[in-house]
Amino acid sequence: MKRTGKGMACMWYPIGFTVMANPSAATVKVNTDGTATLLTGTVETGQGALTVLGQIAAETLGIATDDVHVVSGDTDTTPMDTGAIASRTTYVTGNAIVRAAEAARQLLFEAAAPLLNVKPDQLEARDKKIQVLGFPSRFLPISQVAQHAETNVGKPAIGSSSYNPPTVEMDPETGQGKPFNTYVYATQIAEVEVDDETGEVVVKRIVAVHDCGQPINPMLVEGQIQGGISMGVGYALQEEILFDDQGKQINPNLTNYIMPTSLDMPELDVQLVDNYDPTGPHGAKGVGEPTAVPTAAAIMNAIYDAVGVRITTLPATAEKVMAAILEKNAQEA
Amino acid sequence: MATKPTQDLDQKTIVIEDTESALNAPVRVKEAHPIIYPLSLPETEERKATPAVGQSASRPDARLHGLGQTKYIDDIKFPNMIYAKVLRSEKAHAKIISVDTSEAEAMPGVYATLTGKEIPTNTFGPTFQDQPVLSDTVVRHRGDGVAAVAAVSEQVAQEALKKIKVVYEDLPVLLDPEEALKDEVLIHPPKSNIYTSKVIKKGDVEKGLAESDHIFTNRYKTQFQEHVPIEPHASIALWDGNGRVTLWSSLGRITLGREDMSRTLNLPQSKIRMIGTIVGGNFGGKNEITNEPILALLSKKTGRPVKCTYTREDEFVSSTIRHPFIMDFTTGVNKEGKILARKIKMILDGGAYCSWTGTTIGKGSILAAGPYNIDNLQVESYAVYTNKTTTGAMRGFGAPQVCFAYESQMDEIAKTLGIDPLEIRLRNAFREGSLSPTSQTLHSVVVEESLLQAAEAFGWNRS
Amino acid sequence: MLVELKVNGEKRSADVPPETTLLKFLREHLDLTGAKLGCDVGDCGTCTVIVDGISVNSCLMLAAKANGSEVTTIEGLANTSELHPLQKSFEELGALQCGFCGTGMLMSAKQLLDENPDPTDFEIRDALAGNLCRCTGYTKIIEAIKDAAKNMRAA
């Protein structure tokens, strides 16, 4: 008989380690037509980092995503980066890019100020314009300012900077201290159907509510959450590397290492919590890893709700769940 | 002898059969090429809008993926490029007595072989350097590389591996992490098998437990998980006439990768270029060098670009995997389900080498108590060497393991006390300004909000 | 041995060792690197191409077996002025992250829609069951296929 159950799990996850320095550097070059090039030493691993980083640079310069060309991943031409790891890219590399774009923008402000009869700190960059704060009708197109900066003033709008979440030492004996600059939070709730005659668990739906600060690109954040959940479903129910007694892996292939296919994915309802982190680039935090964290726990709690068995070792394969159900029935008899 | 070119009028290709007709052919031979014309399609609104933050902009790299134009490393070809494969250990723990590559070298199509002794500095590791590039004295897991071959094709390289003779002397194989704690068999002598640990202490955990109305003690265990990036690891090495080497690599950290290359090859960083192309999935498994120094040396020996891609089996056996955790949670609560004290002990199966275990044990330990206000807390974690695949960075760094434990136990507590699972979490959750397990004041906290929002979306009725 | 076949409507041929798979034939001899090598044993689907109207794992098919056949690869979907509706939907709806499974997914999706222009959710999932993806969780891929199917029916 198929029994339904629901289970929830909430979690927290850190962004931007501070235990030791992990800087990222960036360079932003504004072209004479108001478009820009961003140089970053990070590597695109598929999550869409380059698009998001381009959006961050565009935001600071007041131009559109499409106006920024992102160059990455070459130690000869792009500045250093600690790497695309630990969900640090949006936050740490992003903050470096904000600072680099601000440095380039400052040169634009300094070039535009005399033309608009104001001081540089009275200017802002919005909607492809350099305009006076509070008086948006007094503006120059960013393209004109960029051209002027290079060919008249002789100071091309190029900015470089780096960012490191301030390093703080931890107490070696008690582990007390400030190990990370910020954290993200999330809750996932799973609904499962357990067949109490075979132990098979099917995840019917998952509601996932995640915090990532200000989402830079909501479609990409959603993609990350959906992908993380699929890893979590696999972790919960299917995936396991097995070793024999000589230390040899028994299933080092995709025939026998079971991971989720399109048939295994539940219905997903993905939402973001409204939030803004002032320490992050334009309020953003990060999302890559947190997505895979609470899924297994939510599913295990749902299994308990469905059939009253507590699985304490992952993965909850059908055999394991069935054995637990049989044991429970025997105990109750 | 001149023959007419065969021409299939339906097709755009003309098959030329000899030189003379090539000269006489009315149309140049056209090969089927992938589309390379710029497609002038209207860009999406989101890419053109300001402000840029908050736009669901489509990705330019996604355009290229959809067209099949993205060049992953395995798609990249250089003139005269040859292929390398690495021989993996047959033993989980053994001394290497000898490695004889002579028969492999003599095979037609084989250009060079490489062993660990030829690597200038044969150690690497993102935290500390306990891992050999190619094992030359001891193998500690079956994924250890023992020798490498560069040949005219992958197939020949694979065949050549079979001709390499390695003589091993068995050492006891240690697989159980709880056994490993005893230090009876040492995997990296004279070091203890416990190669990193972490302690967190806050308040007075024994006092807190003594004051509790209920104490829950549970053990939770998790398994080895593999990243399964759909793109296997791949790298290409090539030199120029100035003694400068370029690495094309699926590595996610090229700045530090270059430093690793500089160290292992004894070469200044200015002589090394590392290029990270679009990677087909990382998830933490492509964050340290693997074959790159081997390929650089093979390329130097042969005077040709050398490429190596991992087979899917290599991905499982030789790339890093997720740490299994053994977690003992003892939690004291009052009648209302408020957590007064939590004591946690964790053992991480640290595999044969350290890799990213330091970060995993650190994060795992800090996160282990969950997003809950707990005044009295103690966490003690240990990572031990075992003769199994190196455990390293994987999406979450210990967080999925500990979340499974703390959230499972939370439900146990809720069930026993007859409190709704949502309610019990709301009673304990961090709020703005709460203190973390390391006494850090937390900002931008939204645990409660995420719980309530999820419950509403799901239709969770609090009982 | 000489293998001759039609790829994306054009006649192609190459002289290859008899054990050459169709995948290697395409990637190494014809320079069509769109189909990928993810496992080489038919488990992951990154090598999916369409041979005589049926989607196949090209790593499991000998090039010789495809002699005389019509093969469609990812490189044959777009033309010089337009993306295929599937490519357009995948791009706009964020169904491609790292992209490595993408070309195989697109070919499986194309074969599905060629045969079944209005597939149900289950039929889509079933058609993709042999294509593994680690990045997207499949959700946006399924949405993109539905979107492309709708656009193709309207055209």
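Chain letters run A, B, ... following the sequence lines, proteins first and then strands; every chain starts at 1.
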(request) Can you tell which part of B:V446 gets under 4.5 Å to a heavy atom of chain A, answering side chain, backbone, both or neither? (result) both
(request) Give, as side chain, backbone, both or neither, the part of B:W356 having an atom under 4.5 angstrom from any heavy atom of chain A. (result) side chain
(request) Between chain B and each of A:P290, A:P294, A:A86, count heavy-atom pairs under 4.5 Å; write down the option with the most. (result) A:A86
(message) With side-chain contact (heavy atoms from CB on, under 4.5 Å) as the test, pick out the partner of A:C10 among B:E448, B:E407, B:M410.
(response) B:E407
(message) Heavy-atom pairs under 4.5 Å with chain A: which of B:K286, B:H93, B:R244, B:E315 has the most?
(response) B:R244
(request) Name the option with the most non-hydrogen atom pairs under 4.5 Å to chain B; the candidates are A:D66, A:V209, A:T65. (result) A:D66
(request) Tell me, for B:R312 versus chain A, whether the close heavy atoms (under 4.5 Å) come from the side chain, the backbone, both or neither. (result) both
(request) May I ask you to decide if A:K178's main-chain N or O and B:T438's side chain share a donor-acceptor pair within less than 3.5 Å? (result) no
(message) Please evaluate residues A:Q246 and B:R142 with respect to the criterion side chain to side chain contact (heavy atoms under 4.5 Å, CB included), reporting the C-alpha separation (whole Å), side-chain torsions for both, the decisive distance (0.1 Å), and the verdict.
(response) CA-CA 9 Å; A:Q246 288 307 303; B:R142 283 173 173 263; 4.0 Å; yes
(request) Apply salt bridge (Lys or Arg N to Asp or Glu O under 4.0 Å) to the pair A:D74 and B:R258, showing each step before the final yes or no. (result) CA-CA 10 Å; A:D74 183 343; B:R258 185 177 60 169; over 6 Å; no
(message) Does any backbone or side-chain atom of A:L242 lie under 4.5 Å from a heavy atom of chain B? Answer side chain, backbone, both or neither.
(response) neither
(request) Keeping the roles fixed (side chain from A:Q176, backbone from B:P437), state whether a donor-acceptor pair exists under 3.5 Å. (result) yes
(request) Test A:T291 against B:R395 for side chain to side chain donor-acceptor pair (under 3.5 Å), laying out the working first. (result) CA-CA 9 Å; A:T291 57; B:R395 201 174 195 172; 3.3 Å; yes
(request) Supply the atom-to-atom distance B:L442 CG to A:T182 OG1, rounded to the nearest 0.5 angstrom. (result) 8.5 Å
(request) Sort out for me which of A:A186, A:G175, A:P218, A:G46 touches chain B most, counting heavy-atom pairs under 4.5 Å. (result) A:P218
(request) Could you tell me the separation between the CD1 atom of B:I366 and the CZ atom of A:F180, rounded to the nearest 0.5 Å? (result) 4.5 Å
(request) Check whether A:E173 gets within reach of chain B through its side chain, its backbone, both or neither, counting any heavy atom under 4.5 Å. (result) backbone
(request) Quick one: closest heavy-atom pair of A:P215 and B:V53, and the distance? (result) O-CG1, 4.1 Å
(message) Between A:N301 and chain B, with a heavy-atom cut-off of 4.5 Å, which part of the residue counts as in contact: side chain, backbone, both or neither?
(response) both
(message) Using modelled atom types and a 3.5 Å cut-off, is there a donor and acceptor pairing between side-chain atoms of B:Q223 and backbone atoms of A:E240?
(response) no
(request) Mark yes or no for whether B:Q55, through its side chain, and A:N217, through its backbone, hold a donor-acceptor pair below 3.5 Å. (result) no
(request) Go through the steps for B:T50 and A:K128 under the test side chain to side chain donor-acceptor pair (under 3.5 Å), then give the verdict. (result) CA-CA 8 Å; B:T50 57; A:K128 309 199 197 200; over 6 Å; no
(message) I'd like to verify something: which residue of A:T51, A:L61, A:I189, A:T313 has the highest number of heavy-atom pairs under 4.5 Å with chain B?
(response) A:I189
(request) Name the region of A:T82, side chain, backbone, both or neither, that has any atom closer than 4.5 Å to a heavy atom of chain B. (result) both
(message) With a 4.5 angstrom heavy-atom cut-off, is it the side chain or the backbone of B:V402 that approaches chain A, or both, or neither?
(response) neither
(message) So for atom CG, which belongs to A:D274, do other residues, nucleotides or ligands contribute more than 12 heavy atoms lying within a distance under 6.0 Å?
(response) no
(message) Donor-acceptor check, side chain of B:E313 to backbone of A:P252, threshold 3.5 angstrom: yes or no?
(response) no
(request) Go through the steps to decide whether A:V43 and B:L251 satisfy the test side chain to side chain contact (heavy atoms under 4.5 Å, CB included), and finish with yes or no. (result) CA-CA 8 Å; A:V43 175; B:L251 194 55; over 6 Å; no
(message) Please determine whether side chain to side chain donor-acceptor pair (under 3.5 Å) holds for the pair A:Q249 and B:T389, giving the CA-CA distance in whole Å, both sets of side-chain angles, and the decisive distance to 0.1 Å.
(response) CA-CA 9 Å; A:Q249 285 192 22; B:T389 312; 2.9 Å; yes
(message) Need one label for A:A190: side chain, backbone, both or neither, based on atoms under 4.5 Å from any heavy atom in chain B.
(response) backbone
(request) Select one option (side chain, backbone, both, neither) describing which atoms of B:Q378 are under 4.5 Å from chain A's heavy atoms. (result) neither
(request) Identify which part of A:L272 has an atom lying under 4.5 Å from any heavy atom of chain B, answering side chain, backbone, both or neither. (result) backbone
(request) Can you establish whether the number of heavy atoms outside A:K248 located under 6.0 Å from its atom NZ is more than 12? (result) no
(message) Tell me if the CD atom of B:E90 is crowded by more than 12 foreign heavy atoms within 6.0 Å.
(response) no
(message) For the CH2 atom of A:W12 and the OG atom of B:S450, what is their distance to the nearest 0.5 Å?
(response) 14.0 Å
(request) Determine whether the side chains of B:K415 and A:Y304 contain a donor N or O and an acceptor N or O closer than 3.5 Å. (result) no
(request) Please tell me if the side chains of B:S408 and A:T312 come closer than 4.5 Å, counting only heavy atoms from C-beta onward. (result) no
(request) Measure distances from A:M8 to the heavy atoms of chain B and classify the residue's part below 4.5 Å as side chain, backbone, both or neither. (result) both
(request) Working to the nearest 0.5 Å, report the span between CD1 of B:I200 and CG of A:D171. (result) 11.0 Å
(request) Among the options B:I275, B:N287, B:D411, B:T441, pick out the one with the most heavy-atom pairs lying under 4.5 Å from chain A. (result) B:D411
(message) For A:D81, is there any backbone N or O sitting under 3.5 Å from a side-chain donor or acceptor partner on B:T255?
(response) yes
(message) Whether A:R310 engages the ring of B:Y220 as a cation-pi pair (distance to the six-membered ring centre under 6.0 angstrom, angle to the ring normal within 45°) should be assessed.
(response) no
(message) Between A:N275 and B:S444, do the side chains contain a donor N or O and an acceptor N or O under 3.5 Å apart?
(response) yes
(request) Name the region of A:D305, side chain, backbone, both or neither, that has any atom closer than 4.5 Å to a heavy atom of chain B. (result) neither
(request) Test A:I241 against B:I321 for side chain to side chain contact (heavy atoms under 4.5 Å, CB included), laying out the working first. (result) CA-CA 9 Å; A:I241 295 181; B:I321 55 182; 3.5 Å; yes
(message) Let's go through B:Q453 and A:V273 carefully: what are the C-alpha distance in whole Å and the side-chain angles of both, what is the deciding distance for side chain to side chain contact (heavy atoms under 4.5 Å, CB included) to 0.1 Å, and is it a yes or a no?
(response) CA-CA 8 Å; B:Q453 196 176 326; A:V273 181; 4.0 Å; yes
(request) Validate the cation-pi geometry between B:R322 and A:Y235: distance from NZ or CZ to the six-membered ring centre under 6.0 Å, angle to the ring axis within 45°. (result) yes
(message) At a heavy-atom distance under 4.5 Å, which candidate from A:M231, A:Q271, A:M80, A:Q47 has the highest pair count against chain B?
(response) A:M231
(message) Please rank A:T78, A:V68, A:T174 by heavy-atom pairs under 4.5 Å with chain B and give me the top one.
(response) A:T174
(request) Working to the nearest 0.5 Å, report the span between CZ of B:F430 and OH of A:Y183. (result) 8.0 Å
(request) For B:R253 and A:I85, indicate whether the former's side chain and the latter's backbone hold a donor-acceptor pair under 3.5 Å. (result) no
(message) Apply salt bridge (Lys or Arg N to Asp or Glu O under 4.0 Å) to residues B:R59 and A:E44 and explain how you reach the verdict.
(response) CA-CA 12 Å; B:R59 295 168 48 176; A:E44 171 67 61; 3.5 Å; yes
(request) For this output row, return yes or no: ring centroids of A:F243 and B:F224 closer than 6.0 angstrom. (result) yes
